[in-house]
Amino acid sequence: MDEKVAQSLLLENKEILNVTGVEGVDNFNDEVVVLLTNKGKLTIKGERLNISKLNVDEGKLIVKGEINSLIFSEYVGQREKVSLVKKLFK
């Protein structure tokens, strides 16, 4: 996705999160959704989470459920660098 594309997050009543600038979904379950965005990795934590809409071509995603936290972190390429020690003690 082009770096010039703006990213936005719109959280409605802690239940519906609209995200733009999405490049892909790295991992998800009903408690955590990990997105790869044009601004870094975004981890969404909550309860009963589900992805109700995903369009990677347009870079749009909607997550529904009880959203408790949004955490940004850096990533390199499509995967986060993980040290060997972290892998061993996972």
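Side-chain atoms are counted along with the backbone in the values below, which use heavy atoms only and exclude waters and symmetry mates.
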Is the number of heavy atoms from other residues, nucleotides or ligands under 6.0 Å of E66 CD greater than 12? yes
I need the [X] [atom1] to [Y] [atom2] distance, nearest 0.5 Å.
X   : Y   : atom1 : atom2 : result
E23 : L35 : CD    : CG    : 10.5 Å
I67 : R48 : CD1   : CZ    : 11.5 Å
S73 : K41 : OG    : NZ    : 4.0 Å
K64 : N50 : NZ    : CG    : 7.5 Å
K45 : N68 : NZ    : CG    : 10.0 Å
N29 : L49 : CG    : CG    : 8.0 Å

Residues in salt bridge (charged side-chain N to carboxylate O under 4.0 Å, His left out) with E15, at least two apart? none
Side-chain heavy atoms of V34 within contact of F28, under 4.5 Å: no
If we only count heavy atoms from C-beta on, is the I51 to V33 side-chain gap below 4.5 Å? yes
With sequence neighbours left out, what residues match S8 under side-chain hydrogen bond (donor to acceptor under 3.5 Å, both in side chains)? T20
Pair L42, L70 - check side chain to side chain contact (heavy atoms under 4.5 Å, CB included), show working. CA-CA 7 Å; L42 173 61; L70 303 171; 4.2 Å; yes
Between L9 and F72, does the side chain to side chain contact (heavy atoms under 4.5 Å, CB included) criterion hold? Intermediate values first, please. CA-CA 12 Å; L9 304 170; F72 270 103; 3.7 Å; yes
For V32 and T43, what are the C-alpha separation, side-chain angles and deciding distance, and is it a side chain to side chain contact (heavy atoms under 4.5 Å, CB included)? CA-CA 7 Å; V32 178; T43 303; 3.9 Å; yes
Candidates N18, L17, V25 - the one meeting side chain to side chain contact (heavy atoms under 4.5 Å, CB included) with L61: V25
Single-linkage hydrophobic cluster, 4.5 Å side-chain cutoff, I71 and L36 together: no
I62 and I16: side chain to side chain contact (heavy atoms under 4.5 Å, CB included), yes or no, with the steps? CA-CA 7 Å; I62 298 174; I16 302 171; 3.9 Å; yes
